[in-house]
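Have a look at the structure below, then the notes.
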Amino acid sequence: MQPPATSLPSQKELEKEISDYLAKKYGTQVRIISPQTMAAEDEGKAGRSQEKQKKFEFNTKPEELAAFLDEYVIRQDEAKAILATKICTHFNRVRHAQAHPLQARRTEGLIKNNVLLIGPTGVGKTYLIKLIARKLGVPFIKGDATKFSETGYVGGDVEDLVRDLVREADDDIEAAQYGIIYLDEVDKIAASPNRIGIDVSRTGVQRALLKPMEETEVDLKVPHDPISQVEAIEHYRATGKRPHRVVNTRNILFIMSGAFTGLEEIIKRRVQSSAIGFGGEVVSKRAASRYLRQVRAEDLIEFGFESEFIGRLPVVAVLDELSENDLFLILGNPNSPVVIGKKIDFLAYGISLQFTENALRLLARLAHQEKTGARGLVSVMERTLMGFEKKLPSTDIRFLAVDTKLVENPPAALEKLLSAVEEQSRQETLCAELAAEERSHLTDYLRASRAAYLARHGVQATAARLQLMARLCQENIMETGEACDLLIAEVEEIRNCGRKISEKSGVAVFFSEEAVDRILAIEQPLAREKIESLCASLLAKIEYGLQLLREKKDLHELSVPAAAIDDPERFINDLVKSCYRE
């Protein structure tokens, strides 16, 4: 007797089974692509490529980028100026070359503005580059130099950095070719002294980085990557073509950084040896950064780098070690990720968190003792508030004010807060006072740092708008830049509503600055739908009056005051009566 016939699985079922198996073995980056899917994806990519402009759009100026960095990073003025200038010049040079092809021929052979950052741990090297990439809107990836080896040996291939950049750019090769690759702990690939033979993890990595740092084409398909191999097989099965996707590194900016412990001793020997005699100047030994600022290529070569490698890093920036006061300023910065992050942690449980100024100073002092720079702030903050973060979500306590007593003895402060009702009441009152002080500080900060930015976008920094942005930052734990951009977008939406009213009524309607402030104050929280609804209601109430004035009194332009927002019908009636009396 024959076994019962079983129906064969469909193509979709087979693809699903194989995809599930590959996902378990290689992760979600591997998937089965059918001819239909491939055709659809190719069509979509073709459409996107037609929409994408060929020219690289970039117009940020060095001073604009430096001002942005000033809002987030304390001190390091020289490093911020160097980074802002050379990175902006790099991308503006790329844009200019694409806009002027004939002049671009003269850029052949020019050295890229690759940057070497030197500074102790925790001074903000990585943070600076992340901020720059975010501001410029370019793809960015970070790698650790110690994880790579020379091609052909066991370990990561340095070209994997370029492939990771493509993945970070959502597989957009064109966008990836204008990205930033940041390689940390590069001082660890300096050749070890007294070593005999090939140093695979050090000198070999330097040699492997030479071509990508200058210009080369990196193949996205590599033999040691099973994911790319499977993708290539599926592409060939679906289309019958062998894909050859490469990335050119000509315009990719490379930024290296490291602590370079011991480099100052090399520089000191050189400086002091050149200062022997009656005319020699005795160099102070108090700060290593004084020596590091005098670094030359010969010092880096003696440190263990090859001359070809150093030659591809023409820009050097030195960052200073952070003092106790610097750490306090970081905590007091409205954009401080340390304080913002901790407030978000507590807000997730519905708990309002505030800090006194003296508490921040004490936290900075404790962090300075850690000798790990800004990283010490995170460690001290977590150690201080860990018990509160664990216990308070299970209680009805919704306010926590961090003062010096709490920082000095967290367990005792927690026990007192949990057991004493009057202490809970005191915490609520103190949080309200600190929130008021914080809002006032935020308003002053926004006036000083954001007024010029608002003006460039055609928005006045009125007192009402500054207070609105301060409230947005405080209530939503929002960065000042985000609040500023949100305000600009909402003011533009209000002006768009004025233009819509103008089109329908035939009268050019403009909202006065006071009227704009009034709309912003009414429609809280800010929402485009609410503004559109208010303007639609306003039009419905004044449209007939505007048409009457246009036809009978030849009215062509009208500035809407704040009073019209509160009572539009009375405003238009009074305006009609006034015009007819005249």
Side-chain angles (χ1 to χ4, degrees), residues 59 439 442-444 446-476 478 480-582:
N59 55 11
R439 186 171 299 181
L442 276 168
T443 303
D444 294 338
L446 287 163
R447 181 181 293 107
S449 66
R450 283 291 172 174
Y453 180 77
L454 290 171
R456 287 199 299 271
H457 289 80
V459 177
Q460 294 184 16
T462 64
R465 294 172 196 176
L466 292 171
Q467 292 171 6
L468 170 61
M469 287 190 293
R471 188 164 63 251
L472 284 171
C473 292
Q474 195 173 43
E475 295 176 354
N476 299 280
M478 184 182 294
T480 55
E482 293 178 299
C484 192
D485 290 337
L486 179 59
L487 175 71
I488 292 171
E490 297 306 324
V491 171
E492 181 59 27
E493 184 60 31
I494 292 172
R495 291 171 178 168
N496 283 336
C497 289
R499 288 189 277 270
K500 292 177 183 177
I501 294 175
S502 302
E503 293 173 1
K504 292 184 178 181
S505 65
V507 178
V509 175
F510 303 94
F511 289 104
S512 67
E513 296 299 324
E514 293 77 11
V516 172
D517 285 343
R518 185 62 185 147
I519 294 174
L520 292 171
I522 293 174
E523 299 305 330
Q524 292 300 317
L526 293 181
R528 178 168 299 181
E529 295 78 11
K530 290 186 176 182
I531 292 177
E532 291 178 347
S533 175
L534 184 145
C535 290
S537 174
L538 178 64
L539 174 63
K541 294 175 180 178
I542 69 173
E543 184 176 13
Y544 176 74
L546 288 177
Q547 292 177 352
L548 186 64
L549 291 170
R550 179 173 58 84
E551 295 172 358
K552 302 296 184 181
K553 295 297 182 179
D554 198 27
L555 180 69
H556 297 287
E557 184 175 310
L558 175 65
S559 176
V560 179
I565 307 301
D566 295 325
D567 194 345
E569 292 178 338
R570 180 176 180 179
F571 162 73
I572 195 66
N573 289 337
D574 290 345
L575 184 62
V576 171
K577 292 177 182 178
S578 174
C579 288
Y580 272 88
R581 287 196 206 99
E582 293 174 359

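Nothing fancy with the numbering, it's 1 onward along the sequence. All heavy atoms count here, side chains included; hydrogens, waters and symmetry mates do not.
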Closest non-hydrogen atom pair between Ala470 and Thr443, with its separation
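Minimum heavy-atom separation between Ala470 and Thr443: CB-OG1, 3.5 Å.
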Where do Leu538 and Ala564 come nearest, in terms of heavy atoms and distance?
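Closest approach of Leu538 to Ala564: CD1-O, 3.9 Å.
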Supply the atom-to-atom distance [X] [atom1] to [Y] [atom2], rounded to the nearest 0.5 angstrom.
{"X": "Arg495", "Y": "Glu492", "atom1": "CZ", "atom2": "CD", "answer": "6.5 Å"}
{"X": "His556", "Y": "Ser502", "atom1": "NE2", "atom2": "OG", "answer": "13.5 Å"}
{"X": "Phe511", "Y": "Ile501", "atom1": "CZ", "atom2": "CD1", "answer": "4.5 Å"}
{"X": "Asp517", "Y": "Gln460", "atom1": "CG", "atom2": "CD", "answer": "8.5 Å"}
{"X": "Ile565", "Y": "Phe571", "atom1": "CD1", "atom2": "CZ", "answer": "9.0 Å"}
{"X": "Arg471", "Y": "Met478", "atom1": "CZ", "atom2": "CE", "answer": "12.0 Å"}

Can you check whether [X] reaches [Y] side chain to side chain, under 4.5 Å on heavy atoms?
{"X": "Leu487", "Y": "Leu520", "result": "yes"}
{"X": "Arg465", "Y": "Glu513", "result": "yes"}
{"X": "Ile572", "Y": "Tyr544", "result": "no"}
{"X": "Glu514", "Y": "Pro561", "result": "no"}
{"X": "Glu490", "Y": "Ile519", "result": "no"}
{"X": "Leu575", "Y": "Leu558", "result": "yes"}

Which ring pair (Phe, Tyr, Trp, His ring centres under 6.0 Å) pairs, counting each pair once, include a residue from residues 451-471, with sequence neighbours left out?
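Checked against ring pair (Phe, Tyr, Trp, His ring centres under 6.0 Å) - neighbours excluded - the pairs reaching residues 451-471 are Tyr453-His457.
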When you check the side-chain N and O atoms of Arg570 and Asn573, is any donor under 3.5 Å from an acceptor?
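The answer is no; no qualifying pair exists.
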Looking at Arg439 and Gln474, would you say the former's side chain and the latter's main chain have a donor-acceptor pair under 3.5 Å?
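Here the side-chain-to-backbone pair does not exist.
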Checking side chain to side chain contact (heavy atoms under 4.5 Å, CB included) against Leu446, which of Leu468, Leu454, Leu466 comes through?
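Considering Leu468, Leu454, Leu466, a side chain to side chain contact (heavy atoms under 4.5 Å, CB included) with Leu446 is found only for Leu466.
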